[in-house]
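Here's the structure we're looking at; comments come further down.
As the structure lists them, so they are numbered: ligands from 1, and atoms in each ligand from 1. Sequential numbering from 1 along the given sequence is applied to the chain's residues.
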Amino acid sequence: MSAFNVAKFGGTSVADFESMSRCAAIIENNPSTRLVVSSACSGVTNLLVELANGVSEASRRVELLENIHAIHEAILTQLNSPDATRAEVQSILDTVANLAEAASIQPSAKLTDHLVACGELMSTHILTQLMCERGISATRFDIRDVLRTDDNYGKAEPNVEMIAQLAQNLLAPLCQQYVVITQGFIGADDEGNTTTLGRGGSDYSAALIAEGVRAEGLEIWTDVPGIYTTDPRIAEKAQPIPEISFSEASEMANFGAKILHPSTLLPALRHDIPVFVGSSKAPEKGGTWIRHQVESSPLFRALALRCNQTMVTLRSANMFHAYGFLAKVFEILAKHKVSVDLITTSEISVSLTLDHTGTSGGAPQLPQAAREELEDLCSVEVEQGLCLVALIGNNMSQSKGYAKQVFGTLEDVNLRMICYGASAHNLCFLVNESAARLSIQKLHKELFEN
Ligand code: ADP
Ligand code: ASP
Ligand code: MG
């Protein structure tokens, strides 16, 4: 087989019958595409997360279930032979109803993963039938048989070696015969319990699967024609980037550019698989190629925004010229499995942000037990309602003068926790949620629109 390609379609790309049909056309147009990774239909995961968080009112549960049913039924009615697929979807909906009831009594991360996985399990039944009705020899594959993870429900870590082995044994041979349609976002632990890779995880799944089957290309089909200089929903003059390096795109994803799940490029980088990002609504508009080597490395590449940040500030006079204070802080955080994202320090204080949470969403919380232990050491202040603004570029730590341009543009904005210098690829800082969009718009105008 030549140039084996994996294509991933996000939620809006499989939102309804017309969108799914556009995906089918994209798959048909490229005979190298043998493996398709699909998200849940748009909106479904959010509804499932609400159920998984525990809805005590039975009438609200029924309402949510009806919404989920309606999204799928609207597509099913447009198929020529929907009966068998409708029965599969209905059986998954029955599972959703049972799990939602259990979650209303006692929600848990394990139950959440089992429940939210149902979105991808349903969408892939429908997409497979739609493809078959167009005359494509397509088959549906349950990715939980390949995508092995640990049992960190909500943000499971993949077992890369196991995935490669299972993909070679189970998936690759099937792709010789069929166009295989499978689920993003979900996996299973060693005991066969369903896990998820965190919100937006289908991109990461697609990259892990592409790595596992040793694909030569990965396409991420979404609702925008590629990666832009910033989220085009925030700055309307954002420009598409035709070509970007793995490291720049990784920084963007890490700093919140929703277009890619933060871990997506790790597998692609490990196997040097070029990644294409395009719009399933307008494939003719082209998109962005993410590659190892790119022609240009501009000082400013893009701006990213990540909201829902939790900042913890620890203060203690004992920190002044003392040793071991930070070690103690991090020992407590590690003991309570609190993952730290950014950090800045002064003589008597240290501010840090907490890493994003998994599938159940919201701002990350400092566990009460961790807070109590920290309070024995120092004062603890926790702030939320903050967003992280990141400027991504190249050779930034060697360039002079641009910080003045950045901070001058934002002279009216209260900037917090500025991180600058540790990476050659970014400059980032926190702002209040209310100033976040305006900060991006002003910076974009100053740095990218001239
Ligand atoms: P999908 O459901 O296909 O995975 P997402 O909603 O997760 O789609 O990601 C696509 C969205 O990412 C776009 O609609 C856009 O609003 C947002 N986005 C954020 N940053 C960027 C960026 N730099 N370039 C393009 N889109 C971006
Ligand atoms: N359906 C999941 C979500 O909405 C995964 C994804 O779409 O990438 O987060
Ligand atoms: Mg996404």
Side-chain donor-acceptor distances from residues 65-75 under 3.5 Å, at least two apart:
| residue | atom | partner | partner atom | Å |
| --- | --- | --- | --- | --- |
| H72 | ND1 | I68 | O | 2.8 |
| E73 | OE1 | R86 | NE | 3.1 |
| E73 | OE2 | R86 | NE | 3.3 |
| E73 | OE2 | R86 | NH2 | 2.7 |

Original post:
Under 6.0 Å between the ring centres of Y402 and F300?
Top reply: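 Yes, close enough.
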
Original post:
Between C307 and C387, is the SG gap short of 2.5 Å?
Top reply: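 Answer is yes: C387 pairs with C307 in a disulfide.
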
Subject >> Pair K110 + D189, salt bridge at N-O below 4.0 Å >> reply: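 Salt bridge absent between K110 and D189.
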
Original post:
Between R301 and E251, is there a side-chain N and carboxylate O pair less than 4.0 Å apart?
Top reply: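 Salt bridge: no.
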
Original post:
Between atom NZ of K445 and atom NZ of K237, what is the distance when rounded to the nearest 0.5 Å?
Top reply: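 Nearest 0.5 Å value for the NZ-NZ distance: 7.0 Å.
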
Subject >> R437 CZ to D231 CG distance, which is reported to the nearest 0.5 Å >> reply: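 Reported to 0.5 Å precision, the distance equals 7.5 Å.
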
Subject >> side-chain hydrogen bond (donor to acceptor under 3.5 Å, both in side chains) between Q165 and E161, worked out >> reply: CA-CA 6 Å; Q165 194 185 327; E161 280 93 56; over 6 Å; no

Original post:
For ligand 2, what is the set of protein residues having any non-hydrogen atom at a distance below 4.0 Å?
Top reply: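 The answer is S39, T45, E120, F185, R199, G200, G201, S202, counting any residue whose heavy atom sits under 4.0 Å from ligand 2.
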
I'd like the atom pairs linking ligand 1 to the protein - N or O on both sides, separation under 3.5 Å - with distances to 0.1 Å.
| residue | atom | partner | partner atom | Å |
| --- | --- | --- | --- | --- |
| ligand 1 | 2 (O) | G11 | N | 3.2 |
| ligand 1 | 3 (O) | T222 | OG1 | 2.7 |
| ligand 1 | 4 (O) | K8 | NZ | 3.1 |
| ligand 1 | 6 (O) | K258 | NZ | 2.7 |
| ligand 1 | 8 (O) | T222 | OG1 | 3.1 |
| ligand 1 | 12 (O) | I259 | N | 3.4 |
| ligand 1 | 14 (O) | D223 | OD1 | 2.8 |
| ligand 1 | 14 (O) | D223 | OD2 | 3.3 |
| ligand 1 | 14 (O) | R233 | NE | 3.2 |
| ligand 1 | 14 (O) | R233 | NH2 | 2.6 |
| ligand 1 | 16 (O) | D231 | OD1 | 2.8 |
| ligand 1 | 16 (O) | D231 | OD2 | 3.3 |
| ligand 1 | 16 (O) | R233 | NE | 2.7 |
| ligand 1 | 23 (N) | Y228 | O | 3.0 |
| ligand 1 | 24 (N) | Y228 | N | 2.9 |

Please tabulate, for the side chains in residues 273-281, all donor-acceptor contacts under 3.5 angstrom to protein atoms that are two or more places apart in sequence or on a different chain.
| residue | atom | partner | partner atom | Å |
| --- | --- | --- | --- | --- |
| S279 | OG | K281 | N | 3.1 |
| S279 | OG | A282 | N | 3.1 |
| S280 | OG | S13 | OG | 2.8 |

